[in-house]
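What follows is a single structure, written as structure tokens, with notes after it.
Only this structure's heavy atoms are used, side chains among them; waters, hydrogens and symmetry mates stay out.
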Amino acid sequence: MSTKINIGVTGTGSLIGQAIIKSVQRSSLNDKINCVGFDYFESTVGSFWCNKNYVLPDILKDRTKETFWLETIVNVVLENKIRLLFIGVDFELILFAKYKKEIEEKTNAIVMVSSSKVIEIADDKYLTYKFLKENNLFHPESYLPDQINYEDLQFPMIVKPRVGARSVGVSKIFNADSLRSAIQKLKEPIIQECIGNDQEEFTCGVIFLNDEIKQTIVLRRTLKEGNTFLSYFKNDFPDIITEYVKNVAVHLQPFGACNFQLRLDEKGIPKIFEINSRHSGTTYIRSLFGFMEIEYIINQILFNKELKFQMKEGTVVRFVDEFFVD
């Protein structure tokens, strides 16, 4: 009989879910931890890496299945004696936050999800802007369509959906006519100042447990189709980025991992334009630099052990791979 501890990972078909699974299985935890997967489709790549994989009721197509979805989660967690549950799908965050207390009380498992308030701030880019501004933190100037004074705008500007990810629906605008046209094409747009350039974009992560920052990482990145393609880590990135991210995290109070996307403006000031109150798609990439986010959380929560990171400078390239199933 296996003596390994079971953890759960949702989104075995997502980059995030796969990154969490790989982070466990390619670490020193592989002989201590089994991964139990969840998704809404069969035969995801990550499902073949897990000891078991469960298909959940599709609540995106039918929200009346929410109760059945919750019951399925609770039953699977109980059946497999799952101790820790990681969330790998964006739309699940608000649901797991809503039912976090109930799931934990019924199963004694810990659900790695931030509060509903944190998720709401992170999901809505206008609320992100308001949160930063109200806490006197660096922020990009941002407007809703009815707040715009076209005569005062300094182009270029960025137009994007208030809720969205992976650069979908994002456009760079150079004049008022194009701005009016771009606004009409989006259901709920936000208009923001254009910060810096592609060479000054960073993805930053924090581990926040027991009401304090445990670890931080700053990576410079290059995007391809909305996802990180190249990641760079150096010890001499501007200290102002790390201090800024720490300050934001202390005000936000997430639980577990939280991710921040930012750019430096022409004065070298970091400005966050997106918060993800979850693990990043670069979670496994970060582990290659020595930032073992998943391993840290598991050791801290399940074994009351605090890891020391040994970071190494370098570049990580993301590429497409194949997996054979017999």
Side-chain angles (χ1 to χ4, degrees), residues 16 60 89-94 97 114-205 221 223-228 241 244-245 247-249 251-254 258-267 269-278 280-281:
I16 301 166
L60 274 182
V89 182
D90 279 325
F91 77 82
E92 290 180 331
L93 292 171
I94 195 66
S114 292
S115 69
S116 296
K117 180 181 178 182
V118 169
I119 292 167
E120 184 181 16
I121 290 170
D123 280 355
D124 187 320
K125 294 177 181 61
Y126 188 70
L127 295 184
T128 298
Y129 154 73
K130 287 183 64 178
F131 159 77
L132 294 171
K133 185 177 181 179
E134 290 168 0
N135 286 284
N136 297 313
L137 300 163
F138 299 135
H139 58 273
E141 291 302 324
S142 305
Y143 313 91
L144 298 180
D146 60 358
Q147 299 171 334
I148 295 176
N149 184 338
Y150 284 86
E151 295 180 359
D152 292 339
L153 292 180
Q154 293 188 355
F155 293 96
M157 302 290 290
I158 301 295
V159 180
K160 62 179 75 171
R162 284 180 63 168
V163 178
R166 291 176 293 279
S167 302
V168 176
V170 177
S171 54
K172 190 174 183 178
I173 304 300
F174 294 89
N175 57 64
D177 288 340
S178 297
L179 177 56
R180 291 186 180 94
S181 176
I183 288 172
Q184 293 298 318
K185 293 177 183 178
L186 296 177
K187 185 177 180 182
E188 289 189 291
I190 180 174
I191 302 91
Q192 293 187 318
E193 68 170 294
C194 183
I195 313 162
N197 55 61
D198 293 348
Q199 286 69 49
E200 298 297 334
E201 182 158 321
F202 295 83
T203 177
C204 311
R221 69 176 185 172
L223 293 176
K224 184 177 182 180
E225 297 179 351
N227 289 309
T228 301
I241 300 176
Y244 172 55
V245 167
N247 201 8
V248 173
H251 282 83
L252 187 63
Q253 295 284 301
C258 193
N259 196 53
F260 305 92
Q261 315 298 339
L262 62 86
R263 286 188 177 190
L264 301 180
D265 69 10
E266 66 279 359
K267 296 179 181 179
I269 300 299
K271 295 180 179 179
I272 289 171
F273 58 84
E274 183 173 326
I275 298 176
N276 301 123
S277 57
R278 53 159 172 75
S280 167

Can you sort out the partners of [X] under salt bridge (charged side-chain N to carboxylate O under 4.0 Å, His left out), two or more places apart, ordered by chain and number?
X: R263; result: D198, E201
X: D177; result: R180
X: K160; result: none

Measure the spacing between [atom1] of [X] and [atom2] of [Y] and express it to the nearest 0.5 Å.
X: I272; Y: N259; atom1: CD1; atom2: CG; answer: 9.5 Å
X: I148; Y: D152; atom1: CD1; atom2: CG; answer: 11.5 Å
X: T128; Y: F273; atom1: OG1; atom2: CZ; answer: 11.0 Å
X: S115; Y: L93; atom1: OG; atom2: CG; answer: 11.5 Å
X: R221; Y: Q261; atom1: CZ; atom2: CD; answer: 4.0 Å
X: I16; Y: S280; atom1: CD1; atom2: OG; answer: 7.0 Å

*Provide the full list of salt bridge (Lys or Arg N to Asp or Glu O under 4.0 Å) pairs with a residue in residues 182-196, sequence neighbours left out, each pair given once.*
E193-K271

Closest contact, heavy atoms only, [X] versus [Y]:
X: C204; Y: L262; answer: SG-CD2, 3.7 Å
X: F155; Y: A176; answer: CZ-N, 3.5 Å
X: S277; Y: V118; answer: CB-CG1, 3.9 Å
X: L252; Y: C258; answer: CD2-SG, 4.0 Å
X: P161; Y: K125; answer: O-CD, 3.6 Å
X: I119; Y: A97; answer: CD1-CB, 3.5 Å

*Qualifying residues under side chain to side chain contact (heavy atoms under 4.5 Å, CB included), relative to L144, sequence neighbours excluded*: Y126, D146, Q147, R162

*For P145, enumerate each residue passing the side chain to side chain contact (heavy atoms under 4.5 Å, CB included) test, keeping only those at least two apart in sequence or located in another chain.*
I183, P189, I191

Under a 3.5 Å distance rule, please check whether [X] uses its side chain to pair with a backbone N or O of [Y] as donor and acceptor.
X: Y244; Y: F138; result: yes
X: H251; Y: A249; result: no
X: N276; Y: R278; result: no
X: D124; Y: E120; result: no
X: S142; Y: P140; result: yes

Within-4.5 Å side-chain heavy-atom neighbours: [X] and [Y]:
X: I269; Y: I195; value: no
X: V159; Y: L186; value: yes
X: L153; Y: Y143; value: yes

*Do L137 and N247 pass the side-chain contact (heavy atoms from CB on, under 4.5 Å) test, and can you show the C-alpha distance, the side-chain angles, and the key distance before you say yes or no?*
CA-CA 8 Å; L137 300 163; N247 201 8; 3.4 Å; yes

*Would you please test E141 and Y129 for side-chain contact (heavy atoms from CB on, under 4.5 Å) and show each step?*
CA-CA 8 Å; E141 291 302 324; Y129 154 73; 4.3 Å; yes

